[in-house]
A.B. asks: 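There's a structure below that I have some questions on.
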Number of protein chains: 4
Amino acid sequence: MPDSTRDRAHQGRDKRGLILESAIKVFARTGYHGSRVSDIAREAGIAYGLVYHYFKNKEEILETIFEEQWSGFLGAVDAIADGSSATEDKLLSIAGLILNAYRVRTDWVKVLVFEIQRSPRFRNPDQIRAISRLFQIVARILRDGQKAGELRDDLDPDIACYVFIGGLDIVVTSRVLELIEIEPGTPDEAQYHLKVARTMVDLFLNGIRNPEGDS
Amino acid sequence: MPDSTRDRAHQGRDKRGLILESAIKVFARTGYHGSRVSDIAREAGIAYGLVYHYFKNKEEILETIFEEQWSGFLGAVDAIADGSSATEDKLLSIAGLILNAYRVRTDWVKVLVFEIQRSPRFRNPDQIRAISRLFQIVARILRDGQKAGELRDDLDPDIACYVFIGGLDIVVTSRVLELIEIEPGTPDEAQYHLKVARTMVDLFLNGIRNPEGDS
Amino acid sequence: MPDSTRDRAHQGRDKRGLILESAIKVFARTGYHGSRVSDIAREAGIAYGLVYHYFKNKEEILETIFEEQWSGFLGAVDAIADGSSATEDKLLSIAGLILNAYRVRTDWVKVLVFEIQRSPRFRNPDQIRAISRLFQIVARILRDGQKAGELRDDLDPDIACYVFIGGLDIVVTSRVLELIEIEPGTPDEAQYHLKVARTMVDLFLNGIRNPEGDS
Amino acid sequence: MPDSTRDRAHQGRDKRGLILESAIKVFARTGYHGSRVSDIAREAGIAYGLVYHYFKNKEEILETIFEEQWSGFLGAVDAIADGSSATEDKLLSIAGLILNAYRVRTDWVKVLVFEIQRSPRFRNPDQIRAISRLFQIVARILRDGQKAGELRDDLDPDIACYVFIGGLDIVVTSRVLELIEIEPGTPDEAQYHLKVARTMVDLFLNGIRNPEGDS
DNA sequence: CATGAATGAGAATTCATTCAT
DNA sequence: GATGAATGAATTCTCATTCAT
């Protein structure tokens, strides 16, 4: 009896998770508006009525995808920020985390980039706040770096963090849009991302100006 | 007769432009999917059937908004790139151009950010190419700067341009999302944008690392 | 031009009225809940989308049927009440009006009886008020009769009116339910209704007690 | 073992009755169509699947409510009709019975009035016959009164009974619709109903005409 | 050019009912 | 008996688009 109870609860969890996974796949493929609830159900191999057992409506599926995945992501970023490594390493870790997300969870990143991040649907305070937490964490890293004397303190960290996140964000978006093709010489995607991450952190820390330049 | 013909042609132009303006307002307010053709028509004060005289369908309105406005914007950026000023000034000009766009044409920027930039609808090659032209122009500026010895040439301009555009892009997006509140001390929006533009170019050129730091 | 304008307006009116007529037929046949909007459209020979051009939703059709028809009916009753005839004649006229309604507009009466009069949907103040106006008019007739000395004034007109309307109401309902079959001897429906009207007014005025009875 | 069996059977009875009671409450509150099977189950504190152990479907619940309660009601009316009291007293008893039903079993009366009495669902012969039995009993009382010389015998009892029942019916309906507010002077509802019952029987027996009137 | 009536494909959502556990 | 996950038929309503006037 306790077994069957667990099983059923387990099944319920499974189905819910299955629906979310399927929704991510389908949304990534055809976009939120281009996807019917029945498409999600077909992808999950269930009747579409069941979707409404677990979610109030199509909208709630998207919100749940965002919430559950984003909070996990923020957790990882938070852990990096709280670490004791040098600012440079923290930034490198975050850049790596973000750039690798696309490789590891391509569909989720697609949904995030196309359907969530800037969707008119997501202009509500809760979701805006959730997104802005990423900026706050990076700003905190920068502030810590300033206090430690590693970083210039004449730059507003609340603005500087935009440059860092913005750069990464656009790289990811460009990958999603297939704007960037990996250079022929690069052995694989991971290598390329490593190079990008290093370039971005280097640029962010040292700037692009030629120190020997005459300007 | 030539007069009335001109008038009518003129009217036609006007109506077409009126529809586009109205569509920008309406899309900015309720999003592309949340806006009905009749909403656009009501905003323009015309019958909705008339919209189909000027545009094939709703989709074409959005495409036209993008094309007409984006090419104008690209032209301005191009002019800056082609100028003879120092790289730093070029970047400052571009940052100013982008940051001011939100002030001057808020609704258009909203539509760009929410409906166009990353819409699944806009994953077609033509539009992707149009967007990537902005990156190419900025990369060109950077390349020119490298040739002139102003900029380090160990950094890939095709990656570096992401940091610059990405930073600006996120700032604009954040303004649209009302993530950023202008600091109390700042007299007005224009002042704030000027400060942000300077900070970003400074950061981009010189980096955030403390040159006197011990790391 | 004024002609075509009138024509179009006329057409609009016609279609709206056509939809209402069709809805009455369909609702009478299969009940409000048993009728699909598409049934109404098919009955009217139009596309069902057009129904939503003229009415917000299915509900509004029913409300409109009630409002437009009921106010006409109330007007007729009001006219009788305002007349100068004797109370007995007024009551006879009202009884005749109500009893004949079923013959003349069977479908409407069916809808009134089954879908409107006591529908849980119609428990809202406006509609309750509309219905109660019938009671008020009859009560006014009775009050006038009392003032004129024609009627006993020890009976509360606000209660007495229930007996009169209630009797008629149930007769009509029973006809709709086909509870009553017209007696074989009666030549036709109209004759039968005349007899019922007279019986009811006689009963209402004189009572059923045998005046020569010993009780 | 016999004990547990009895208990379970007992429970079964209880659950069935519980479902019926809950259904009456829920139907009274939101109407048959506005109520979901799960609402009834929640009201009863059981799983909605269990409802289908006791009833074939939602429809059968409503039918059962009608049948079980109506036959009890008819039994009470029958008993009054079969009694040896004077016609006036019989009518008074019936009026009292009906008028008090609303006080004692408000929800049931609401369901009867809104969902059963005139529902298109209830146009089937069996249920029409069940309802018409009430009319037959009252007609029998009237016929008996005519035979006993208490009542005029020039009035068709099959029509006269409509006036009596119709009056009561409308009063009850009006109470349900909250059309009638109890007069301020009246101490309580029961008192008010007593007054109404007396008025209606008086009116029914003696008529409203002023015997001293000149008409 | 202009209008808005007319069309109907399309999708979301509801909820009665079944059934494995 | 009891549960509630699972199913999917059924319908409402929206709205882009067409077209007669």
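As the structure is a prediction and not an experimental result, all values here were calculated from the model.
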A.B. asks: Give the minimum heavy-atom separation between D/W70 and D/L112, together with the two atoms involved.
C.D. replies: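 Taking D/W70 first and D/L112 second, the nearest heavy atoms are CZ3-CD2, 3.9 Å.
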A.B. asks: Taking only residues two or more places apart in sequence, or in another chain, which ones meet D/R42 in a salt bridge (charged side-chain N to carboxylate O under 4.0 Å, His left out)?
C.D. replies: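 With neighbours one apart ignored, the set is D/D39.
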A.B. asks: Tell me which of D/H53 and A/G45 sits closer to the 5' end of DNA chain F, going by the nucleotide each one is nearest to.
C.D. replies: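 The residue whose closest nucleotide sits nearer the 5' end is D/H53.
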A.B. asks: Given atom OH of D/Y54 and atom C1' of F/dT3, what is their separation to the nearest angstrom?
C.D. replies: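 Between C1' of F/dT3 and OH of D/Y54: 13 Å.
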A.B. asks: Check side chain to side chain donor-acceptor pair (under 3.5 Å) between B/S22 and all other residues, then give those that pass, not counting sequence neighbours.
C.D. replies: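 With neighbours one apart ignored, the set is empty.
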A.B. asks: Rounded off to whole Å, could you give me the CZ-to-P distance for the C/R16 and E/dA6 pair?
C.D. replies: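 It works out to 13 Å between those atoms.
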A.B. asks: Please list, chain by chain and in numerical order, all residues satisfying ring pair (Phe, Tyr, Trp, His ring centres under 6.0 Å) with B/H33, sequence neighbours excluded.
C.D. replies: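 Listed in chain order: A/H33.
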A.B. asks: Whole-Å distance between E/dA5 P and C/I19 CD1?
C.D. replies: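 C/I19 atom CD1 is separated from E/dA5 atom P by 11 Å.
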A.B. asks: Can you confirm whether A/R105 sits close enough to A/Q69 that some side-chain heavy atom of one is under 4.5 Å from a side-chain heavy atom of the other?
C.D. replies: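 Side-chain contact under 4.5 Å: yes.
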A.B. asks: Look at the side-chain N and O atoms of C/K15 and state whether any lies under 4.0 Å from the OP1 or OP2 oxygen of E/dA5.
C.D. replies: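 Answer is no, no contact under 4.0 Å.
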A.B. asks: Could you run through nucleotides 8-14 of chain F and give me one letter per nucleotide, 5' to 3': B if any protein heavy atom sits under 4.0 Å from the base, S if only the sugar-phosphate is that close, - if neither?
C.D. replies: BBBSSBB
A.B. asks: Who passes side chain to side chain donor-acceptor pair (under 3.5 Å) against C/R29, sequence neighbours left out?
C.D. replies: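 For C/R29, the residues satisfying side chain to side chain donor-acceptor pair (under 3.5 Å) (neighbours in sequence not counted) are C/E43.
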A.B. asks: Looking at residues at least two apart in the chain, or sitting in another chain, which of them share a side chain to side chain donor-acceptor pair (under 3.5 Å) with A/T106?
C.D. replies: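 Scan of A/T106 (side chain to side chain donor-acceptor pair (under 3.5 Å), adjacent residues dropped) gives none.
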A.B. asks: Send over the distance from B/R42 CZ to E/dT3 C1', rounded to a whole Å.
C.D. replies: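 Whole-Å distance recorded here is 15 Å.
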A.B. asks: Pairs counted only when both distances fall under 3.5 Å, Watson-Crick or G-U: show me the 5' to 3' dot-bracket for DNA chain F, [ ] for pseudoknotted crossings and | for other-strand partners.
C.D. replies: .||||||||||||||||||||
A.B. asks: Atom CZ of B/F55 and atom P of F/dT18: how far apart are they, to the nearest Å?
C.D. replies: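 Whole-Å distance recorded here is 15 Å.
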A.B. asks: Apply side chain to side chain donor-acceptor pair (under 3.5 Å) to C/S71 and list each qualifying residue two or more places apart in sequence or on a separate chain.
C.D. replies: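 Result, side chain to side chain donor-acceptor pair (under 3.5 Å) vs C/S71: none returned.
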A.B. asks: Listing request: all salt bridge (charged side-chain N to carboxylate O under 4.0 Å, His left out) pairs with a residue in residues 46-60 of chain D, at least two apart in sequence or in separate chains.
C.D. replies: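 Every pair satisfying salt bridge (charged side-chain N to carboxylate O under 4.0 Å, His left out) with a residue in residues 46-60 of chain D: D/E59-D/R121.
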A.B. asks: From CG of D/L62 over to C1' of E/dA16, roughly how many Å is that when rounded to an integer?
C.D. replies: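 Between C1' of E/dA16 and CG of D/L62: 15 Å.
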